[in-house]
Amino acid sequence: MVWARKLPVCQLAYFVSNLEAAATAHSASFASGPFFIFRNVPLAKSVHRGVERVFDHSSAYGQWGDVMVEFVEVHSAEPSAFTDVFPAGSRRHGLHHTAVMVENLAASIDQFEQMKMPLAQLSETTTGTEFAFMDATNSLGHMIELYEASEGLVGFYDLVKDAARNWDGSGLIRELEDNA
């Protein structure tokens, strides 16, 4: 699909059991950071495999070269796109999804489904940002997250990237308030 070539990966996201430990270890190995932690991201709704469910999670966002890196810690026990890749109770952690920004979320979901990458989860933050996890585990071994490039989302990516420019290594962990 030619249109898919125009979707550069803007984020690599890892499932972890501890945000601070993951961010600290990644920064020590790859000089990534600083990391902005957003705890218990407030969602207006989340639908996994056609069923509305609680999806309570926290994320840490940092810059790793030209790409944002995200670490995700899931707090809810209900099924989600994360338990699809890392079953509940599993001690395994690792790459969960890559993320791309799209022009039209609904149309992109349809296009991915035509490529045999079905919608696993569609969620919306309390501020109206929708994100979809497309199940690419059969072909790629991970999910692909889609979201529309809104002013707020692009601004957040810029905030993380700008913080990494000339970063001196201090203040590795930075807490965020509700800005989903």
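Note that this is a predicted model, so its numbers are computed, not measured.
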Contacts of [X] that satisfy side chain to side chain contact (heavy atoms under 4.5 Å, CB included) - sequence neighbours left out:
X    : answer
S58  : L19, R39, N40, H75
D66  : none
D110 : E113
Y14  : L12, V16, W64, V69, F71, L95

I need the minimum non-hydrogen distance between [X] and [Y], along with the two atoms involved.
X    : Y    : answer
G171 : P34  : O-CB, 3.6 Å
S170 : R174 : O-NH2, 3.4 Å
G62  : V160 : C-CG1, 3.6 Å

Donor + acceptor pair across side chains of Q121, S123 (<3.5 Å):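 Present: a donor and an acceptor within the cut-off.
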Residues, nucleotides or ligands: over 12 heavy atoms within 6.0 Å of N166 CG: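 12 or below, so no.
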M143/V85 under side-chain contact (heavy atoms from CB on, under 4.5 Å): CA gap, chis, key distance, verdict: CA-CA 8 Å; M143 298 280 174; V85 179; 4.0 Å; yes
Non-neighbouring partners of H26 that pass side chain to side chain donor-acceptor pair (under 3.5 Å), sequence neighbours left out: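 H26 satisfies side chain to side chain donor-acceptor pair (under 3.5 Å) with S32 once adjacent residues are dropped.
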At what distance, to the nearest 0.5 angstrom, does [atom1] of [X] lie from [atom2] of [Y]?
X    : Y    : atom1 : atom2 : result
F35  : L176 : CZ    : CG    : 12.5 Å
R53  : H48  : CZ    : NE2   : 6.0 Å
Q114 : K116 : CD    : NZ    : 9.0 Å
S139 : M115 : OG    : CE    : 7.5 Å
E78  : S80  : CD    : OG    : 9.5 Å

Test log, rule side-chain contact (heavy atoms from CB on, under 4.5 Å), inputs T129 and F156: CA-CA 12 Å; T129 300; F156 179 68; over 6 Å; no
Hydrophobic cluster identity match, [X] and [Y], side-chain contacts under 4.5 Å:
X    : Y    : value
L159 : M68  : yes
I173 : W167 : yes
V54  : V72  : no

Are the side chains of [Y] and [X] in contact, using a 4.5 Å heavy-atom criterion?
X    : Y    : value
H93  : S17  : yes
M101 : V154 : yes
F133 : H96  : yes
D56  : V74  : no
E20  : L172 : no
E52  : S46  : no

Plane angle bin for F86 and F15 - parallel if under 30°, tilted between 30 and 60°, otherwise perpendicular: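 Parallel, since the angle between the ring planes stays under 30°.
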Summary of side-chain hydrogen bond (donor to acceptor under 3.5 Å, both in side chains) pairs that have at least one residue in residues 143-156, sequence neighbours excluded: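 Only H97-E145, Y147-Y157 qualify under side-chain hydrogen bond (donor to acceptor under 3.5 Å, both in side chains).
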Ring centre gap for F36 and F38 strictly below 6.0 Å: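 Between F36 and F38, the centre distance exceeds or equals 6.0 Å.
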Check: Q63 side chain, G65 main-chain N or O, donor-acceptor pair, under 3.5 Å: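 Yes.
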N/O donor-acceptor pair under 3.5 Å between S27 side chain and A23 backbone: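 Side chain of S27 to backbone of A23: no pair is present.
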D135 and R49 ion-paired at < 4.0 Å: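 So D135 pairs with R49 through a salt bridge.
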Full working for side-chain contact (heavy atoms from CB on, under 4.5 Å) between L43 and E124: CA-CA 6 Å; L43 298 178; E124 183 180 342; over 6 Å; no
Candidates L122, L146, T125 - the one meeting side chain to side chain contact (heavy atoms under 4.5 Å, CB included) with F131: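 By the side chain to side chain contact (heavy atoms under 4.5 Å, CB included) criterion, F131 pairs with just one of L122, L146, T125: T125.
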Full working for side-chain contact (heavy atoms from CB on, under 4.5 Å) between H142 and T98: CA-CA 8 Å; H142 59 78; T98 59; 3.6 Å; yes
